[in-house]
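Shown next, in structure tokens, is the structure this report addresses.
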Amino acid sequence: MSDKVWGGRFSEPTDAFVEAFTESVSFDQRLYAADIEGSIAHAKMLCATGVLNDEEVASIEAGLSTIKSEIEAEMFAWDQALEDVHMNIESALTDKIGEAGKKLHTARSRNDQVATAMRLYLRSEIDDIQGLISNLGAHLSKLALDHADDIMPGFTHLQPAQCVTLGHHLLAWAAMLERDSDRFNDLRKRVNQMPLGSAALAGTSVSIDRNLTAKLLGFEGICDNSLDAVSDRDFVIEFTSNAALLMMHLSRWCEELILWSSEQFGFVELADRFTTGSSIMPQKKNPDVPELIRGKTGRVYGHLISLLTIMKAQPLAYNRDNQEDKVPLFDTIDTLKACLCAMQGICGHLQFNTEAMRTDASQGLLEATDLAEYLVQKGMPFRDAHRIVGAIVREANSRAIRLAEFSLELLRAHSELIEADVLTRLTPEGSVQGRDHVGGTAPPQVARAAEQAMKHWNSKRQGD
Ligand code: ARG
């Protein structure tokens, strides 16, 4: 005989290896609050439809609240033999309140129960993550405003390309974050649909009111098809995909901070408290925190591939494979939250070396495009202007001078269209001021965009 709750048809106990192999309570415990919330709503619904009476629901609710407090006080004895968080809690409830506890699982299966708990849990994690994203976005926008007119070289192919402002660069990071936040917002609607009522796969003949349970749990709607509802893990994959994208963004910023904090760039100093030293080289100060964020990005990508592969080719409806969604999802959540906090810490203690940035911006021939555009404004077709400025660049290289060091005469030897007003355009300041349009890097545009971004993030923060 088996002593499991499902043991009626078994003639021998579960093999100890199988018990350890199939358990999930060691990692799905963290669903306890969502599981309890789902159970209380389910019991209330069963009362409304006349399946449970008032006393039974009251005792289920009281028993579950006590269990919740015991779990939070670390006084709850989790038992691997009871497989998962759901059966641990249900069995503790029955131990506490007797008969009524045995009725809780009416019109429900662990299949719709776990899918519901996962959605409730993830919904609240998405809200936390949105809060962290908004804090970071607000901080970046403030930094951007502070550096709206600090000039730095902008790069393509990691080669100095054109002058930009540091504020503009920081707002590019914030723009990535805004898309991330939109994606999580959009996903939240799909997470916030209720599977309960689907039971094992085919619904239930017991009288239920799915809309009532959904309302009690704050779900925006109910999952339409019971077979799909118990087996669908799209929302887990989609969350991890959004997380992977966000981690990719963080890894890009980290890569820049790592480069910028190198002696070769010298654009930024990371705070001592956010760096580490070397056990052998006394002079070293290493950017381990951004490096780890960059490294952990790979880990989240791995979780995304795991989840896609877990779901690949699964026949309808629920299969135990689905239990494997938890470790990758939970680790993605933990990693993402930790990295967002780390990024907030890094950005809170950045010391930009704006002098070094300005100096670097004036070293190359970064105003070459501005000069070509100057000629265009004087009426020359762009292709001709490009060729002429190409010749000026060649001359600058052979004379080893910067564009700003050309005399007007030397420039006019290349084109008569060049006049004295060119000289203001050939400085980093003139260069960025020239690109004065929406989405451009001119300081007034950057200041305006930074203010708008600050408003956006702060209003999101208030909404949280
Ligand atoms: N621990 C299981 C999971 O995470 C709960 C569902 C179990 N359902 C079942 N029919 N064995 O997926």
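Indexing begins at 1, ligand by ligand and atom by atom, following the structure's order. Just so you know, these numbers come straight off a predicted model, no measurement behind them.
Looking only at protein heavy atoms, the nearest one to atom 8 (N) of ligand 1 is Asn111 OD1, 3.0 Å. Of all protein heavy atoms, the one closest to atom 3 (C) of ligand 1 is Tyr318 OH, 3.3 Å. Counting only heavy atoms of the protein, atom 11 (N) of ligand 1 lies nearest to Arg110 NH2, 3.6 Å. Protein heavy atom at the shortest distance from atom 5 (C) of ligand 1 is Asp84 OD2, 3.4 Å.
For Lys285, the salt bridge (Lys or Arg N to Asp or Glu O under 4.0 Å) partners at least two apart in sequence or on another chain are Glu269, Asp272. Qualifying salt bridge (Lys or Arg N to Asp or Glu O under 4.0 Å) partners for Arg210, counting only residues two or more places apart in sequence or in other chains: none.
Under a 3.5 Å cut-off, the side chain of Asp28 and the backbone N or O of Val85 do form a donor-acceptor pair.
Set against the non-hydrogen atoms of Arg320, the atoms of ligand 1 under 4.0 Å away are 11 (N). Under a 4.0 Å criterion applied to the non-hydrogen atoms of Ser24, ligand 1 contributes the atoms 1 (N). Those atoms of ligand 1 with a heavy atom of Gln323 less than 4.0 angstrom away are 1 (N), 2 (C), 3 (C), 4 (O), 12 (O). Within ligand 1, counting atoms from 1 as listed, the ones closer than 4.0 Å to a heavy atom of Lys326 are 3 (C), 4 (O), 12 (O).
Here the two rings, on Tyr32 and Phe76, have centers that are 6.0 Å apart or farther.
By the 3.5 Å distance cut-off applied to N or O atoms, Arg233 is not counted among the residues near ligand 1.
A salt bridge is defined here as a Lys NZ or Arg NE, NH1 or NH2 lying under 4.0 Å from an Asp or Glu carboxylate O, and Arg123 with Asp127 fails to meet this definition.
For Glu70, the CD atom counts as densely surrounded, since its 6.0 Å shell holds more than 12 non-hydrogen atoms of other residues, nucleotides or ligands.
Checking Ser181 against Gln130 by side-chain atom types alone, a donor-acceptor pair falls below 3.5 Å.
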